[in-house]
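What follows is a set of notes on a single structure, which appears directly below.
In each ligand, atom 1 is the first atom listed, and ligand 1 is the first ligand listed. Please read these numbers as outputs of a predicted model, since none were measured by experiment. Scope of the values below: all heavy atoms of this structure, side chains included, with no hydrogens, waters or symmetry mates.
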Amino acid sequence: MIASCLCYLLLPAARLFRALSEILWREWEDFSAQPDAQGLEAGDGPQFQFTVMSYNILAQDLMQQSSELYMHCHPDILNWNYRFANLMQEFQHWDPDILCLQEVQEDHYWEQLEPSLRMMGFTCFYKRRTGCKTDGCAVCYKPTRFRLLCASPVEYFRPGLELLNRDNVGLVLLLQPLVPEGLGQVSVAPLCVANTHVLYNPRRGDVKLAQMAILLAEVDKVARLSDGSHCPIILCGDLNSVPDSPLYNFIRDGELQYHGMPAWKVSGQEDFSHQLYQRKLQAPLWPSSLGVTDHCQYFSSCHPKRAERLKYSRDFLLQFRFCDIACQRPVGLVLMEGVTDTKPERPADWAPSVLEEDTLEPEPVFPRTVGTIQHCLHLTSVYTHFLPQHGRPEVTTMPLGLGTTVDYIFFSAESCENGNRTDRRLDQDGTLKLLGRLSLLSEEILWAANGLPNPFCSSDHLCLLASFGMEVTAP
Ligand code: KL2
């Protein structure tokens with residue numbers, strides 16, 4: 001590793017920067033000319049095209065709290081003003097239509113990032129983490145390309161619930177694509193964009209899964225169309241979980257059998273403290289009081305509509321006037337002469353038997369599945385987590401020189417007809433079509449640049465960038 005490192009001291013800053021930009025060159029992979037599963041080229045027919053970037057920009061406060069992770073870096077390149085200028089250059093260079101940021105420090109957001117991104121033509125939303133954490137998530141979009149339909153900040157913290165006592169957050173936007181006039185009279189579905197930064201702690205996979213379940217429930221609610229189906233979805237973020245881990249497979253496959261699984265296994269992060277940590281996941285993973293089903297939907301989203309519940313006739317309800325419970329004096333009822341001092345007189349011809357039956361509709365009950373959670377959003381990853389040209393895994397972050405993937409752009413795809421779930425990556429013929437992506441790098445290439453951050457890349461994560469096309473239809 002040392003041998004392949006650039007020798008920082010021998011190169012002037014400008015030449016070093018140029019050398020790094022060559023080493024860290026990232027290819028644009030263009031899929032727009034490739035036929036999809038139905039033999040149609042992705043570029044066929046009118047499309048609404050847009051790009052999405054997901055980027056953990058390394059909050060300055062968090063960096064200073066874990067300064068031992070950045071000992072390999074020259075202090076000048078860790079300076080926030082240096083990093084901010086570099087990050088802005090990256091945003092300007094790739095100029096995405098939607099930008100999902102994690103680890104956005106609140107003061108930096110309001111004083112620098114939001115004003116600068118506004119100057120670049122973005123409208124920005126921000127959700128700070130709960131508690132005393134100073135960073136959060138931002139989602140920014142170009143109002144020339146999208147109109148905002150709704151924005152939902154998501155807090156995972158739930159007072160009194162040990163499973164959800166962490167301060168991580170998410171942010172879900174519903175955006176209406178604005179079709180360019182050149183495409184004629186066409187309509188296009190809304191787009192749901194979710195962004196999150198899930199808990200880091202490698203041992204607490206139970207917390208990570210519960211946080212994801214809340215985000216998926218929010219996405220289900222925001223993206224749900226009147227016919228019960230979902231509009232196209234993009235889910236970005238730093239999930240602090242690696243590819244093929246149980247949490248990753250849950251998002252991609254829509255199902256996870258978790259019962260009995262050690263909590264440290266969920267995220268697949270490198271961690272050696274688990275030998276001492278034997279917490280196992282048990283059913284149910286979260287209590288019903290969270291209001292989320294094992295299918296990652298809010299109970300309230302599953303209730304029948306109010307109008308559909310009013311199905312009792314007046315006569316039916318009147319027969320309950322004199323039932324035992326109606327004749328009991330409520331505890332604490334204030335006694336008011338002539339008003340609350342009388343007891344209903346049960347008529348002689350009243351048949352008490354009808355009232356012993358349990359004829360009232362019970363509150364809808366959502367039976368918990370035994371040790372399994374599911375979701376029905378049909379998500380697949382933009383990246384495959386492997387670089388075929390190098391025969392090496394893709395890397396999105398480099399803690400202590402160890403390359404790993406924890407950042408993702410997931411998007412909704414049609415599920416596989418043949419039921420072969422591992423093939424889903426190839427089956428992208430949903431409303432959203434992946435047109436291209438910015439290639440990631442290998443651990444070895446990042447070593448050659450002295451890891452992350454470096455003078456050229458100003459975060460300890462790489463940015464992810466993808467281009468999509470969305471079907472448009474005649475109105
Ligand atoms: O993995 V991260 O970095 O997505 O890049 O997310 C968390 C970690 C971030 C927010 O909590 O802070 C980093 N060791 C290494 N990194 C840590 C630790 C730790 N103990 N705690 C937090 N982070």
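The aromatic ring centroids of Y408 and Y248 lie less than 6.0 Å from each other.
Q102 and D238 share no side-chain donor-acceptor pair at under 3.5 Å. A donor-acceptor pair shorter than 3.5 Å cannot be found between the side chains of Y200 and Q269. Defined by atom type and a distance below 3.5 Å, a donor-acceptor pair is present between the side-chain atoms of D220 and H230.
Across all their heavy atoms, S245 and V266 have their closest contact at CB-O, 3.4 Å. Annotation for L113 and F91: closest pair CD2-CE1, 4.1 Å, computed over non-hydrogen atoms.
Judged as a ring pair (Phe, Tyr, Trp, His ring centres under 6.0 Å), and not counting sequence neighbours, F125 has no contacts.
If you check which protein heavy atom lies closest to atom 21 (N) of ligand 1, you get Y200 CD2, 3.6 Å. Closest to atom 5 (O) of ligand 1, if we only count protein heavy atoms, is H461 NE2, 2.4 Å. Nearest non-hydrogen protein atom to atom 3 (O) of ligand 1 is E103 OE2, 4.1 Å. Atom 4 (O) of ligand 1 has D238 OD2, 2.1 Å as its closest protein atom, hydrogens excluded (heavy atom only). The nearest protein atom to atom 16 (N) of ligand 1, hydrogens excluded, is given as L69 CD1, 3.6 Å; this is a heavy-atom distance.
Under a cutoff of 6.0 Å and an axis angle of 45°, K142 and F122 form a cation-pi pair.
Only the side chain of N240 comes within contact range of ligand 1, with a heavy atom under 4.0 Å; no backbone atom does. The proximity of D135 to ligand 1, defined as any non-hydrogen pair under 4.0 Å, does not occur for either the backbone or the side chain. Under 4.0 angstrom from ligand 1, the non-hydrogen atoms of N56 all belong to its side chain.
The nearest non-hydrogen atom to atom 6 (O) of ligand 1, considering only R166, H197, M63, comes from H197. Of the listed options Q102, K133, R129, R129 places a heavy atom closest to atom 11 (O) of ligand 1.
Distance check for atom 13 (C) of ligand 1: every protein heavy atom is found at 4.0 Å or beyond.
Within 6.0 Å of NZ on K133 lie more than 12 heavy atoms contributed by other residues, nucleotides or ligands.
Between S66 and ligand 1, no pair of N/O atoms sits closer than 3.5 Å. The shortest N or O to N or O distance between T397 and ligand 1 is not under 3.5 Å.
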